[in-house]
2 protein chains.
Amino acid sequence: MSITIKDVAKHAGVSKATVSRVINHNTSVNKEIKERVLASIEELGYQPNAIARSLANSTSNVIGLILPDIVNPYFPALARGIEDSAHEHGYSLFISNTDNNPDIEQEYIEKMCRQQVGGIILISSILDEEKVNKLAELGVPFVLCDRLIENSQFDTVSIDNYKAAYEAVQRLIRQGYEKIYHLSGPKHIQPADKRRQAYIDAMHEHGLESMYQVGDFSYKSGYERMKSVLEKSKISAVFAANDLIALGAMSAIHEKGLTIPNDISVIGCDDILFAQMSNPKLSTISVPAYKIGATAVKLLVDRIKGVRSKSKNLILNHKFIERES
Amino acid sequence: MSITIKDVAKHAGVSKATVSRVINHNTSVNKEIKERVLASIEELGYQPNAIARSLANSTSNVIGLILPDIVNPYFPALARGIEDSAHEHGYSLFISNTDNNPDIEQEYIEKMCRQQVGGIILISSILDEEKVNKLAELGVPFVLCDRLIENSQFDTVSIDNYKAAYEAVQRLIRQGYEKIYHLSGPKHIQPADKRRQAYIDAMHEHGLESMYQVGDFSYKSGYERMKSVLEKSKISAVFAANDLIALGAMSAIHEKGLTIPNDISVIGCDDILFAQMSNPKLSTISVPAYKIGATAVKLLVDRIKGVRSKSKNLILNHKFIERES
DNA sequence: ATGAAAGCGCTAACAC
DNA sequence: GTGTTAGCGCTTTCAT
């Protein structure tokens, strides 16, 4: 068995309560005693048991992260931002992948509640008002990232997906492209919906015809859709809903013997690690994933500590990155 | 406040112990009573408090994962394998990134111990006998992945890095390449050391001169080293210690106006997601990261449950993937 | 400022 | 087979 607060108390010749007071440095304790306790802690190598603490406090220094899939290259940076910031604030981090399955998502939320996490950062599969209301009943603070519902009682962090996509399409149009195809993301995944709508609006507002196809946020999906598009239509540019799709499209374009950007220009979204490693290097909308994560933790910690009660909806800045595609 | 075991006991007209017995279904309880308790649990929506459970058991259904950096594309698949398998076995997962900093690593290990994790999966920065012995004193089960020290008291999972690299180099030699350069990984990172040694041995055993440079496991490092190599030496093939380095090297080669594999052939190691997305697609040694993760959890869970006491050192199979580079 | 004692929600002897 | 009781290690009234 390991050293407990009782051992320290005995060793320092004080009560458990006093030891507790010095390790939580909130209430004041006699300086001399404090030092004696500190010395005992040092000497015995005492480490407070976080579990016991959590039970007594009915909350823990743990936050939960629930996301679709850490293997999707957009998420590692987000997760890293969350992890760094969490540890900075003294929290540990639980992580689970949902594969966008609402049932699994629900299961993990419950599991984390049983663990009495202090709060949860959720990148949800599907979110509607009803679901949000249910979450609120759980009594655990949530921060919603990327996929959110506006004006909920929860804090949220994201970029302005509509604006980002609109600007990107507008940029292509201004460069003279007219046959711009959109390889969209899945229906009902909020950023995909927003980016699609922005594309449609931008095209129509410039008197151009919109052409798009819904599909997965994956390389394979981008590759396959692009392949079929190339067989049917003559297009001059592609706006992909994310970089993975864009990379897949690039592969299909190369396979067809066409060159990028001379024959077809491609732009993506996210700015994942590989956007700068592709050949040619992918031009894309940079989404500050790391910062979104770090910011989400800040909001959550404030909320846990009760610093703030009004919900905050933060929109971080995106940036268009012009590279070679 | 939420529903506790006491509420359920009262509602079902039994003692807390009985409720505890039914939710842990180990000891036998009267079928009728059992159903009554189950009904009460259902009706009240009772969720056992994992924290209280952990305190009483002095262990938790949580395992910790400590790895260098989730943003490095090799690790997401590993982490995902661990997460899936952990949840399958009823465990939650803590995660922390060390950036290969031994002090941070130590800090996280201690933090997880304070959380009374059931066990820890460690991809360590630096591991020597002394350190391993210290870890053993902690009394928490560890499983070492990828970077390990043989014949320790811990379970380990990895591939045979020496063999994998040796085969890859041999393959190049058999194809007629002679001027094979090795872009190695950092010194003292075990897989990097093994791969480097295998390269050196393979070259010498075939009467060829070994040429290599140590560096980071990063794209940038691969790019820069390759650039300088191209200025000085005439080489015909590159064996990179990982895919990120290989991708960086490919970029430098393209920049120089050379083509792959005609002028220079490149092979990597890991088979990260992007190996199959590059242009040309990267030939590489496939490391079964997901499986390594899933296997590590299995070993750990067995160990936690005391199924096995002798340590196991598992070597999973790698596979050479011939693509276009 | 400090100590004694109750309690957080659960499990595990130990009795019956 | 079931209930009673004593913890697990910590925090937090409530006295002093």
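Residue numbers start from 1 in every chain, and the chains themselves are labelled A, B, ... in the order their sequence lines are given, proteins ahead of strands. If you're wondering where the values come from, they're calculated on a predicted model, not measured in any experiment.
You'll find that the side chain of Asn24(B) is closest to dT11(C), out of dG9(C), dT4(D), dT11(C). Residue Ser20(A) places its side chain closer to dT12(D) than to any other of dT11(C), dT12(D), dT2(C). Distance from the side chain of Ala56(A) is smallest to dC8(C) among dT2(D), dC8(C), dC8(D). Among the nucleotides dT2(D), dA12(C), dA4(C), the one closest to any side-chain atom of Asn30(B) is dT2(D).
Residue-to-nucleotide proximity on DNA chain C shows that, of Ala17(B) and Leu55(B), the 5′-proximal contact is made by Leu55(B). Comparing Gly13(B) and Gln116(B) along DNA chain D, the residue whose closest nucleotide (by nearest heavy atom) sits nearer the 5' end is Gly13(B).
Residues that satisfy the salt bridge (Lys or Arg N to Asp or Glu O under 4.0 Å) test with Asp193(A), not counting sequence neighbours, are Arg196(A). For Asp155(A), the salt bridge (Lys or Arg N to Asp or Glu O under 4.0 Å) partners two or more places apart in sequence, or in a different chain, are Arg303(A), Arg308(A). Here Glu88(A) pairs with nothing under the side chain to side chain contact (heavy atoms under 4.5 Å, CB included) rule; sequence neighbours left out. Partners of Glu107(B) under the side chain to side chain contact (heavy atoms under 4.5 Å, CB included) rule, at least two apart in sequence or in another chain, do not exist in this structure. Annotation: salt bridge (Lys or Arg N to Asp or Glu O under 4.0 Å) contacts of Lys16(B) (sequence neighbours excluded): none.
If you take CG of Asn61(B) and P of dC10(C), they are 14 Å apart, rounded to a whole angstrom. At whole-Å resolution of the value, CG in Asp7(B) and C1' in dG9(C) are 10 Å apart. Lys31(B) has its NZ atom 19 Å from the C1' atom of dT2(D), to the nearest Å. Rounded to whole angstrom, the span from the CD1 atom of Ile5(A) across to the P atom of dT12(D) amounts to 11 Å. As rounded to whole Å, 15 Å separates atom P of dG3(C) from atom NZ of Lys10(A). Nucleotide dG9(D) holds its P atom 9 Å from the NZ atom of Lys6(A), rounded to whole Å. Whole-Å rounding puts the Lys16(A) NZ to dC8(C) P distance at 15 Å. Atom CD in Gln115(B) sits roughly 15 Å away from atom P in dG9(D) (whole-Å rounding).
If you check every strand for non-hydrogen atoms under 4.0 Å, Val19(A) touches nothing.
Residues of residues 46-54 of chain A having a heavy atom closer than 4.0 Å to DNA chain D, listed by number: Tyr46(A), Pro48(A), Asn49(A), Ala52(A), Arg53(A).
Sorted by first and then second residue, the side chain to side chain donor-acceptor pair (under 3.5 Å) pairs involving residues 68-86 of chain A (not counting sequence neighbours) are Asp69(A)-Arg80(B), Tyr74(A)-Asp146(A), Arg80(A)-Asp84(A), Arg80(A)-Asp69(B), Arg80(A)-Asp99(B), Glu83(A)-His87(A), Glu83(A)-Asn97(B), Asp84(A)-Tyr290(A). Sequence neighbours left out, the pairs with a member in residues 110-157 of chain B that pass ring-ring contact (aromatic ring centres under 6.0 Å, His included) are Phe142(B)-Phe154(B).
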Polar-atom pairs under 3.5 Å, protein N or O versus N or O of nucleotides 14-16 of chain C: list them with distances, or write none.
none

Considering only distance and modelled atom types, tabulate donor-acceptor pairs under 3.5 Å from the side chains of residues 59-66 of chain A, sequence neighbours left out.
{"unit_1": "Ser60(A)", "atom_1": "OG", "unit_2": "Val62(A)", "atom_2": "N", "d": "3.4"}
{"unit_1": "Ser60(A)", "atom_1": "OG", "unit_2": "Gln116(A)", "atom_2": "O", "d": "2.9"}

Which pairs would a plain distance check flag for residues 123-130 of chain A, meaning a side-chain donor or acceptor within less than 3.5 Å of a matching protein atom at least two apart in sequence or in another chain?
{"unit_1": "Ser124(A)", "atom_1": "OG", "unit_2": "Glu105(A)", "atom_2": "OE1", "d": "3.4"}
{"unit_1": "Ser124(A)", "atom_1": "OG", "unit_2": "Glu105(A)", "atom_2": "OE2", "d": "2.7"}
{"unit_1": "Ser124(A)", "atom_1": "OG", "unit_2": "Ile126(A)", "atom_2": "O", "d": "3.3"}
{"unit_1": "Ser125(A)", "atom_1": "OG", "unit_2": "Glu105(A)", "atom_2": "OE1", "d": "2.7"}
{"unit_1": "Asp128(A)", "atom_1": "OD1", "unit_2": "Glu130(A)", "atom_2": "N", "d": "3.4"}
{"unit_1": "Asp128(A)", "atom_1": "OD1", "unit_2": "Lys131(A)", "atom_2": "N", "d": "2.8"}

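Arg36(A) and Asn30(A) share no donor-acceptor pair across their side chains, judged by distance under 3.5 Å alone.
Contact check for Leu273(A) versus Pro73(A): no side-chain heavy atoms found under the 4.5 Å cut-off. Residues Val19(A) and Val14(A) meet the side-chain proximity criterion, which asks for heavy atoms closer than 4.5 Å.
For dG3(C), one of the phosphate oxygens OP1 or OP2 lies less than 4.0 angstrom from a side-chain nitrogen or oxygen of Ser15(A). Considering only side-chain N and O atoms, Asn57(A) lies under 4.0 angstrom from the phosphate OP1 or OP2 of dT12(D).
Recorded end-axis angle for the helix from dA1(C)-dT16(D) to dC16(C)-dG1(D) stands at 40°, based on five pairs per end and rounded to 10 degrees.
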